[in-house]
Amino acid sequence: MKLSLVELGAVTPGTDKTTALRSALDAARQAEELGYHRIWYTEHHNTPGFASHAPELLITLAARETNRIRVGSGAVLLNHYSPFKVAETFLQLEALSPGRIDLGLGRATTGPVTDLALRRDRTARPVDDFDGQVQEILAYLHGAFPEDHPFAQIDLTAGVATRPDVWLLGSSGNSAHLAGRLGLGYAFAGFINPARAEQALLEHRRAFTPTAFGSTDHRAILAVNVVVADTDAEARRLVWSARALYARLGRMGPSATVPTVAEAERELSKAEKDAPTVIHGGHWPRQLAGSPETVREQLQLMAAATGAREIMVQDIIPDPDARAKSRALLADALGI
């Protein structure tokens, strides 16, 4: 099983975005040393609690400070951008770090005001043309426009010997069939919608058809919020910060910030604190937590159910030492 990391650049209590971004780059170096396969940086806009707004900037720096680990976006929110711009940017990243760049594509709203601010044309009604945007990016990367298409004369790949690896990301399952049909890898955000993870990843497997745009092998990533500590009890306590953050997001929207464990303990109800952190009654937890042995067993069950051969970790642990220890314990538990 491969193990990877998705990094949000969380602004933890008592710090600022400069500190968060430095920690996000430190995460790439640590992940490489521990044997992680890839690290992806997220795209969040107008969020005081998260500093990763432009993943391509962090990708550039992280790739320069590492040697082996794959580096990518988790994800570029394609609904805000021109496919031409995205393809050209990631081809430049690939030219800088050949064979190590992942272009993870997704779509998400950032709220009506921020969505409007991100748009170039604020008079036109927004449309959902994600499928077409993805296929246009693939056409730029692989010279796949029909001969009579006006963009066929554009060659963004001149002088670039390799191509970024394209993945589709989702949390509802809507992109699973598209990714499979196009032969692309698919990553599902189980930390957002654990109930849909198994169905979405199995749908991707059923739809998968090898193409020139991706690997000949089916590839799927299950992304899970994970906390590992020496004991189950300590891990369950550390996961309270993530739970309180999601509760804050529900109340405050994008202005929410990550609380300390002590703050989370005061804010969460007893039922919220005691909610399962392992598979219980057939239901997957939104946050998985436990000792190395507990988490290894749970991830093996999840991987077997979904067919995913790679786990991507999201962790929201305010204490940097506890966060680093969690990542190291997990790497050791999975033998990477």
Side-chain angles (χ1 to χ4, degrees), residues 3-77 89-90 92-94 96-97 100-104 110 114 164 191 223 225-229 238-242 244-246 248-249 254-264 312-332 336:
L3 184 60
S4 297
L5 185 67
V6 58
E7 176 60 51
L8 295 81
V11 181
T12 55
T15 68
D16 56 16
K17 288 190 175 181
T18 296
T19 304
L21 291 170
R22 288 173 178 163
S23 295
L25 294 176
D26 288 341
R29 291 188 290 267
Q30 181 199 26
E32 179 167 87
E33 291 171 1
L34 291 171
Y36 282 64
H37 182 60
R38 68 181 95 233
I39 182 170
W40 285 354
Y41 292 101
T42 62
E43 179 181 329
H44 290 99
H45 295 288
N46 190 29
T47 48
F50 302 103
S52 182
H53 309 310
E56 58 270 28
L57 299 180
L58 286 168
I59 291 168
T60 305
L61 294 171
R64 284 181 63 86
E65 297 184 19
T66 55
N67 298 299
R68 174 199 55 81
I69 193 169
R70 297 192 64 88
V71 188
S73 56
V76 168
L77 302 183
T89 297
F90 275 77
Q92 182 168 322
L93 291 171
E94 180 69 20
L96 286 167
S97 302
R100 294 179 57 204
I101 301 300
D102 292 333
L103 170 52
T110 55
T114 305
F191 51 83
N225 182 277
V226 180
V227 173
V228 187
L238 289 174
V239 89
W240 291 347
S241 290
L245 170 65
Y246 282 112
R248 285 183 175 187
L249 287 169
S255 63
T257 56
V258 179
T260 65
V261 173
E263 290 171 335
M312 180 167 280
V313 174
Q314 181 212 62
D315 49 20
I316 302 173
I317 308 172
D319 181 78
D321 292 334
R323 185 167 63 246
K325 182 176 180 178
S326 176
R327 294 170 179 175
L329 287 173
L330 182 58
D332 186 60
I336 65 166

### Query
If you look at every heavy atom in Pro48 and Pro254, which pair is closest and at what distance?
CD-O, 3.2 Å
## Note on the structure
Contacts of Thr66 meeting side chain to side chain donor-acceptor pair (under 3.5 Å) (sequence neighbours excluded), chain-then-number -> Arg100
### Query
In Å, rounded to the nearest 0.5 Å, how long is the span from CG of Leu25 to CZ of Arg64?
12.0 Å
### Message
Checking Glu7 now: which residues fulfil salt bridge (charged side-chain N to carboxylate O under 4.0 Å, His left out) with it, not counting sequence neighbours?
### Response
Arg327
### Summary
In this structure, CG of Leu93 is separated from CG of Leu57 (nearest 0.5 Å) by 9.0 Å
### Pair Gln314-Thr42, side chain to side chain contact (heavy atoms under 4.5 Å, CB included): steps then yes or no
CA-CA 11 Å; Gln314 181 212 62; Thr42 62; over 6 Å; no
### Task
List for me each residue that meets side chain to side chain donor-acceptor pair (under 3.5 Å) alongside Glu43, sequence neighbours excluded, and say none if there are none.
His45, Tyr81
### Non-hydrogen atoms of Met312 and Leu5 that approach each other most closely
CG-C, 3.9 Å
### Task
Over all heavy atoms of both residues, which pair between Val228 and Ser326 is shortest? Give the atoms and the distance, please.
N-OG, 2.9 Å
### Message
Run the side chain to side chain donor-acceptor pair (under 3.5 Å) test against Asp102 and tell me which residues pass, sequence neighbours left out.
### Response
Arg38, Trp40, Arg70
### Query
With sequence neighbours left out, what residues match Ala256 under side-chain contact (heavy atoms from CB on, under 4.5 Å)?
Leu245, Arg248, Leu249, Met252
### Task
Would you give the length of the straight line joining atom NZ of Lys17 to atom OG of Ser52, rounded to the nearest 0.5 angstrom?
10.0 Å
### Task
Just jot down the side chain to side chain donor-acceptor pair (under 3.5 Å) partners of Ser97, sequence neighbours excluded, or say none.
none
### Task
Would you indicate whether the side-chain heavy atoms of Ser73 and Ile59 approach each other to under 4.5 Å?
yes
### Task
Name all residues meeting the side-chain contact (heavy atoms from CB on, under 4.5 Å) criterion together with Asp319; count only those two or more places apart in sequence or in a different chain, and write none if there are none.
Asp321, Ala322
### Rounded distance [0.5 Å steps], CD in Glu263 versus OG1 in Thr257
7.5 Å
### Task
Answer yes or no: is there a side-chain heavy-atom contact under 4.5 Å between Thr47 and His53?
yes
### Message
Can you tell me if Glu56 has over 12 outside heavy atoms packed within less than 6.0 Å of its CD?
### Response
yes
### Query
For Ala328, which residues count as a side-chain contact (heavy atoms from CB on, under 4.5 Å) partner, sequence neighbours excluded?
Leu34
### Message
According to ring-ring contact (aromatic ring centres under 6.0 Å, His included), who are the partners of Phe50, at least two apart in sequence or on a separate chain?
### Response
His44
### Task
For Ser241, enumerate each residue passing the side-chain contact (heavy atoms from CB on, under 4.5 Å) test, keeping only those at least two apart in sequence or located in another chain.
Val261, Pro318
### Message
How close do Tyr41 and Ala62 get, counting heavy atoms only, and between which atoms?
### Response
OH-CB, 3.5 Å
### Summary
So CG of Asp315 and CG of Leu330: to nearest 0.5 Å the spacing works out to 9.0 Å
### Task
Work out which heavy atom in Pro164 is nearest to a heavy atom in Leu103; give both atom names and the distance.
CB-CB, 4.4 Å
### Residue pairs passing the ring pair (Phe, Tyr, Trp, His ring centres under 6.0 Å) test where at least one lies in residues 18-37, sequence neighbours excluded
none
### Query
Would a 4.5 Å heavy-atom cut-off, applied to side chains only, mark Asn46 and Thr110 as touching?
no
